[in-house]
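Reading through the structure tokens given below for one structure.
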Amino acid sequence: MRPAAFLTASMGLIAPLLMVSGGASHAADDPPTAPTIVDGVTAPVFEYADAIRETVWVTAPDLDGDGAQERIATDIIRPRELDGTARIPVVMDASPYYLSLGRGNDSEFKSYDADGKPAKMPLFYDNYFVPRGYAFVAPDMAGTGRSTGCADQGGRSDIESIKVVIEWLNGNAVARNAAGEVVEATWSNGRTGMIGKSYDGTLANGVAATGVEGLETIVPISAISSWYDYNRYQNAVKSNNYPSSLSTTIAQRRTVPTNCVAANAFMNANDGDETGAYTDFWAERDYREGSFYDVSKVKASVFIMHGLQDNNVRMRNASTWWQDLGEAGVDRKMWLTRLGHVDPFDSDRDRWVDTLHRWFDHELMQVDNGILNEPAVDVEVAPDRWVQSDVWPSKGSRMMKLALRSDGTMRLGTKDDTTLSYVNSAGLSEANAVRIGASPNKLQFLTGTTRSEVRISGTPTVDLEVTQGRPVGQLSVQLVDYGAMDRVLTTNDGALTLTTESCWGASTAVDDACYRDVTRRVGPTELQVLARGWIRLDGEGTKNVTVELQANDVVVPAGHQLGLVISGNRSGVTAIDTSAQTYSVNLATSRLNLPIDGPMASFAPGQIKPEKTADLREGTLPLLDEFIVPQP
């Protein structure tokens with residue numbers, strides 16, 4: 001274990017990094033000289049309103065090819081009482097969104113006072129952690145905000161522009177203030193933790209995969225670990241020219257005029273939309289096993305948070321990253337919720353802030369609070385039903401192999417030599433595809449009713465022997481839970497914003513620490529899509545493929561049935577095959593591989609009667625995850 005406190009050299013002084021108190025507050029005329037531990041956590045003993053607020057521009061290499069070095073705008077808030085007294089760690093949220101799209105559920109933007117100093121920072125990190133003895137640092141990614149350069153959707157420009165800020169905090173890079181004077185981070189002890197949701201958390205993943213010194217921990221929330229897995233699903237394309245489109249979007253409202261036409265044109269020419277293949281372009285943007293960054297370089301601990309119903313950054317980005325980090329021996333922790341693309345600060349505020357506080361105290365302040373001795377994984381397997389464990393997927397999860405049969409059932413160990421066919425329909429919606437009942441445009445297979453509760457924990461896959469008659473085709477596969485119950489809905493990612501607020505940290509007149517409360521959208525549904533997968537098929541004739549569905553961890557109650565739907569519909573990806581060609585599936589070698597924690601014999605053969613969902617008329621169905629039962 002790391003020590004709870006130690007001495008460190010600080011600007012010519014020897015000062016304690018931490019002070020331990022039994023709970024007494026410091027008098028106004030006797031300010032603390034170091035972060036203070038009260039009841040096992042850092043206490044808010046520093047005045048947020050009096051904090052030092054400054055901006056520096058860190059020098060980065062030429063990242064956009066215009067021949068000039070980049071200037072990365074970096075806003076800083078830190079306790080004034082510790083200036084010249086103690087070196088302190090950093091909580092960093094690097095982002096492309098601070099001036100473009102805003103941050104958080106309350107859509108906050110950075111703002112500055114008349115002197116150009118940071119006045120308002122989005123999110124609660126500065127309000128909460130600065131009074132506890134941390135510095136908060138918020139760089140604008142290259143090509144966004146007040147930084148120079150061009151964004152390149154997770155490529156080297158994005159990552160190197162933030163890596164250099166970590167290096168400056170360690171004394172290994174140069175920064176200047178608005179007057180052009182060199183500024184050193186003499187207040188930093190060189191220990192940085194990165195956090196952020198979506199693109200912000202993705203930057204944390206990428207910077208960690210550089211192996212940069214001084215990055216002690218990252219907390220990626222709903223983040224990407226491979227941009228290929230964000231933009232592609234086994235060569236099926238999410239949307240055309242997405243990298244340049246995203247880079248243009250996040251460049252909105254930037255204050256530095258830069259011509260990024262060439263950078264965007266390069267992305268359009270090299271993103272490989274024509275084939276969907278994993279190329280050098282995507283290897284540059286892969287932080288797990290890429291050409292520049294990979295998991296073997298990660299030195300920081302990693303605390304992953306992801307929504308199991310996230311249809312923006314899908315679960316493969318978290319599940320594969322988690323597995324690879326474990327194989328690399330990285331200290332790790334993970335939260336999985338039943339929500340979509342939602343920050344746990346919004347959905348589970350009390351417990352999240354408490355856990356995050358203790359995590360940063362341990363990893364950055366080196367407080368011996370035992371957090372790494374607690375269960376590493378928290379999973380919400382049903383609405384507000386949490387399971388803790390030391391491993392993920394569930395230790396009891398085993399792969400159940402269900403054969404697909406011509407009578408429309410899925411069974412253990414009984415194969416069928418029949419070949420079934422369906423006609424591609426590019427206009428088939430997912431809502432219609434997963435509806436119970438026969439259709440010439442899909443194949444559907446059902447288990448019997450579950451005799452007892454089972455837990456699906458891990459990544460389902462589907463082995464298929466498919467024959468097509470055209471050079472290019474595609475498959476869409478859904479795993480569905482049929483059975484009425486209360487579920488976390490997918491409307492607004494399952495989050496409902498309330499009119500009330502709660503406050504987390506200290507405030508100023510222009511930057512309060514109060515945010516609108518959020519609760520889960522829970523309601524009765526007849527079914528839910530548990531996992532999806534898409535694959536592009538190249539070449540006429542017969543081929544054996546394995547479709548990898550998105551990982552999940554969910555409880556299926558007794559009395560439910562699972563269904564597998566195979567079609568050519570394009571929901572979620574760009575249509576490759578819009579023809580009415582026929583696809584044939586040989587059932588003899590086709591099966592669903594399902595990671596189950598529970599009785600393998602739970603699924604008795606049988607089929608749902610179509611009349612059970614016959615009252616769900618097409619006009620009442622949402623386009624994606626679930627059918628909402630019409631209320632009287």
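- Judged as a ring pair (Phe, Tyr, Trp, His ring centres under 6.0 Å), and not counting sequence neighbours, the contacts of Trp352 are Phe303, Trp335.
- At a threshold of 4.0 Å, the pair Arg385-Glu453 counts as salt-bridged, since one of the basic side-chain nitrogens sits closer than that to a carboxylate oxygen.
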Trace of the side chain to side chain contact (heavy atoms under 4.5 Å, CB included) decision for Tyr482 with Ile436: CA-CA 9 Å; Tyr482 295 100; Ile436 294 293; 3.4 Å; yes

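- For Tyr233, the ring pair (Phe, Tyr, Trp, His ring centres under 6.0 Å) partners two or more places apart in sequence, or in a different chain, are Trp534.
- With contacts defined as side-chain heavy-atom distances shorter than 4.5 Å, the pair Val41/Asn369 does not qualify.
- Take Tyr134 and apply the ring pair (Phe, Tyr, Trp, His ring centres under 6.0 Å) test, not counting sequence neighbours, and it matches Phe129.
- Residues satisfying the ring pair (Phe, Tyr, Trp, His ring centres under 6.0 Å) criterion with Tyr583, sequence neighbours excluded, are Tyr422.
- Of the N and O atoms on the side chains of Asp493 and His341, not one donor lies less than 3.5 Å from an acceptor on the other residue.
- Ring-plane geometry between Trp282 and Tyr228 is classed as perpendicular, the angle between the planes exceeding 60 degrees on a 0 to 90 degree scale with a lower cut at 30.
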Candidate pair Arg232 and Asn235, rule side chain to side chain donor-acceptor pair (under 3.5 Å), full reasoning: CA-CA 6 Å; Arg232 305 283 189 261; Asn235 294 3; over 6 Å; no

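- When all heavy atoms of Gly505 and Ala513 are compared, the pair lying nearest together is O-CB, 3.4 Å.
- A donor-acceptor pair shorter than 3.5 Å can be found between the side chains of Asn552 and Arg338.
- Relative to the six-membered ring of Trp322, Arg332 meets both conditions, a distance below 6.0 Å and an angle of at most 45° to the axis.
- Residue Ile221 comes nearest to Pro344 through the heavy atom pair CG2-CD, 3.7 Å, listed as atom of the first residue, atom of the second, then distance.
- Considering only residues two or more places apart in sequence or on other chains, Ser457 meets the side-chain hydrogen bond (donor to acceptor under 3.5 Å, both in side chains) condition with Asp553.
- Remark: Thr546 OG1 to Asp463 CG distance equals 4.0 Å, nearest 0.5 Å.
- Across every non-hydrogen atom of Leu420 and Thr418, the tightest pair is CD2-CG2, 3.9 Å.
- A search for side-chain hydrogen bond (donor to acceptor under 3.5 Å, both in side chains) contacts involving Thr574 returns nothing, not counting sequence neighbours.
- In this view, Asp200 and Arg103 satisfy the salt bridge (Lys or Arg N to Asp or Glu O under 4.0 Å) rule, not counting sequence neighbours.
- With a 6.0 Å cutoff to the six-membered ring centre and a 45° limit on the axis angle, Arg358 does not count as a cation-pi contact of Phe360.
- For Arg532 and Glu430, the salt-bridge test passes: some basic side-chain N is under 4.0 Å from an acidic carboxylate O.
- Every residue two or more places apart in sequence or in another chain that forms a salt bridge (Lys or Arg N to Asp or Glu O under 4.0 Å) with Arg316 is listed here: Asp229, Glu548.
- Between the side chains of Gln153 and Asn231, at least one donor N or O lies within less than 3.5 Å of an accepting N or O.
- Residues that satisfy the salt bridge (Lys or Arg N to Asp or Glu O under 4.0 Å) test with Arg516, not counting sequence neighbours, are absent from this structure.
- Across every non-hydrogen atom of Gly276 and Val237, the tightest pair is CA-CG2, 3.9 Å.
- Looking only at atom types and distance, the side chain of Ser225 has no donor-acceptor partner in the side chain of Asn205 under 3.5 Å away.
- Val522 and Asp486 get closest at one heavy-atom pair: CG1-CB, 3.9 Å.
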Side chain to side chain contact (heavy atoms under 4.5 Å, CB included) between Val379 and Met334, worked out: CA-CA 8 Å; Val379 183; Met334 183 164 67; 5.9 Å; no

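- Defined by atom type and a distance below 3.5 Å, a donor-acceptor pair is present between the side-chain atoms of Thr42 and His357.
- Atom CG of residue Leu402 and atom CG of residue Leu564 lie 9.0 Å apart, to the nearest 0.5 angstrom.
- Using a 3.5 Å distance cut-off with no hydrogens or angles, the side chains of Trp321 and Tyr287 do not pair a donor with an acceptor.
- Side-chain contact between Thr249 and Leu101: present, with at least one pair of heavy atoms (C-beta onward) separated by less than 4.5 Å.
- No salt bridge links Arg288 with Asp294; every basic N to acidic carboxylate O contact stays at or beyond 4.0 Å.
- A side-chain N or O of Ser502 and one of Trp504 form a donor-acceptor pair less than 3.5 Å apart.
- In summary, the side chains of Gln309 and Gln528 do present a donor paired with an acceptor at a separation below 3.5 Å, with no hydrogens or angles considered.
- Checked for salt-bridge contact, Arg351 and Asp378 meet the test: a charged N lies under 4.0 Å from a carboxylate O.
- With sequence neighbours excluded, the residues satisfying salt bridge (Lys or Arg N to Asp or Glu O under 4.0 Å) with Asp481 are Arg487.
- Here the options are Thr320, Asp324, Asp286, the test is side-chain contact (heavy atoms from CB on, under 4.5 Å), and the partner is Val295; only Asp324 passes.
- Take Leu428 and apply the side-chain contact (heavy atoms from CB on, under 4.5 Å) test, not counting sequence neighbours, and it matches Ser425, Asn432, Ala433, Asn441, Ser567, Asn569.
- Between Asp348 and Arg520 the shortest heavy-atom distance is OD2-NH2, 3.0 Å.
- With sequence neighbours excluded, the residues satisfying side-chain hydrogen bond (donor to acceptor under 3.5 Å, both in side chains) with Glu465 are Asn586, Thr589.
- Screening Val462, Leu464, Val466, Val547 for a side-chain contact (heavy atoms from CB on, under 4.5 Å) involving Ile535 leaves a single residue, Val547.
- Side-chain contact, Asp93 with Ser95: no donor N or O sits under 3.5 Å from an acceptor N or O.
- To the nearest 0.5 angstrom, Leu123 atom CG is 10.0 Å from Lys197 atom NZ.
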